[in-house]
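Worth saying up front: this structure is predicted, and the values here are computed from it rather than measured. We count residues from 1, following the sequence as given. Counting starts at 1 for both ligands and their atoms, in listed order.
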Amino acid sequence: MAPREPDHVTIAADKLCFDASGRRILSDITLHSSARRIGVVGRNGSGKSTLARLVAGLLRPSGGSLRVAGHDMFRDRKAALRTVGVMFQNPEHQIIFPTVREEMAFGLRQMGQGKADAAATVLQVLDRFGKSHWIDAVVDQLSHGQKHLLCMMSVLAMRPRLLILDEPFAGLDIPTRLQLRRHLALADVAVLHVTHDPDDLQGYDEVFWLDQGRLRAVGPADTMLSEFAADMRRQGAADDLSRLAG
Ligand SMILES: Nc1ncnc2c1ncn2[C@@H]1O[C@H](COP(=O)(O)OP(=O)(O)OP(=O)(O)O)[C@@H](O)[C@H]1O
Ligand SMILES: [Mg+2]
């Protein structure tokens with residue numbers, strides 16, 4: 001597989017809103033970013049996964065607009081398939097097939113690759129990750145961390161321009177996390193990464209900070225992460241005080 005020039009994918013949201021069950025989940029998100037590695041942080045329930053799903057085109061905006069690489073991801077599924085790859089927290093929700101070979105070939109076939117080409121791509125990707133011996137592995141016999149790696153390889157095999165990760169490392173042990181982070185760092189792809197762990201975002205370019213369904217701030221990763229961490233500590237301390245007072 002020929003190496004590609006680093007790609008920048010523009011995410012442009014203008015007054016983006018999302019409602020569910022009669023409730024506003026995301027309000028008035030306006031941002032424009034061409035950063036290559038973007039982190040998304042915020043407290044539980046702040047709307048991070050909702051934003052990730054909107055960017056992936058899996059949800060329809062309720063108001064405003066959202067364009068990724070110039071395309072409306074929800075309306076233009078073909079463009080979405082070419083542009084974004086998604087990796088969620090639980091690999092069990094993502095893996096469909098019983099063997100590594102079939103699982104990895106599926107997305108490629110969906111994208112229009114012929115059987116022989118897809119098989120060759122699977123071999124190349126496994127080789128790149130040092131996992132050629134997995135070709136005939138049965139998915140059920142992989143560990144949880146290995147299933148994560150399988151998801152990452154399957155998604156990257158499709159060569160998306162933007163990889164959307166929603167807490168993909170939650171519940172993994174430290175060596176597995178580090179290993180996946182290394183693979184991710186080497187991957188030639190723009191990234192939008194939702195996480196609660198600031199360590200996942202080391203070396204990232206930009207961070208979106210969500211707070212109660214609104215965009216609280218966007219900025220360079222290092223400043224955003226230290227402001228976010230300070231705010232989380234303040235909120236934790238305030239919660240402790242109010243508990244003591246109560
Ligand atoms: N389909 C839905 N119907 C009703 N409420 C929803 C729906 N999807 C999300 N919500 C609500 O919207 C809010 C934001 O959810 P979201 O999953 O985007 O948060 P999050 O930042 O990813 O949280 P976490 O860190 O816990 O994963 C939550 O209060 C959630 O309950
Ligand atoms: Mg979430």
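Looking only at protein heavy atoms, the nearest one to atom 8 (N) of ligand 1 is T50 OG1, 4.5 Å. Looking only at protein heavy atoms, the nearest one to atom 4 (C) of ligand 1 is S21 OG, 3.3 Å. Atom 1 (N) of ligand 1 has A20 CB, 3.7 Å as its closest protein atom, hydrogens excluded (heavy atom only). In this structure, atom 10 (N) of ligand 1 lies nearest to the protein heavy atom I25 CD1, 3.5 Å.
There is a protein heavy atom closer than 4.0 angstrom to atom 26 (O) of ligand 1.
At a heavy-atom distance under 4.0 Å, atoms from both the backbone and the side chain of N44 approach ligand 1. The side chain of H196, and not its backbone, has at least one atom closer than 4.0 Å to an atom of ligand 1 (non-hydrogen atoms only; side chain from C-beta on).
Using a 30° and 60° split on the angle between ring planes, W209 and F228 fall in the perpendicular class, above 60°. Ring geometry for F106 versus F97: interplanar angle of 30 to 60°, hence tilted.
Taking the six-membered ring where the residue is Trp, the centroids of H183 and F129 are separated by under 6.0 Å. Aromatic pair H196/F169: ring centres not closer than 6.0 Å.
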Given D72 and R77, is the salt bridge (charged side-chain N to carboxylate O under 4.0 Å, His left out) satisfied, shown in steps? CA-CA 9 Å; D72 178 327; R77 291 309 301 160; over 6 Å; no
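Using 4.0 Å as the threshold, G42 has no heavy atom nearer than that to any atom of ligand 1.
Residue G45 has at least one N or O atom closer than 3.5 Å to an N or O atom of ligand 1.
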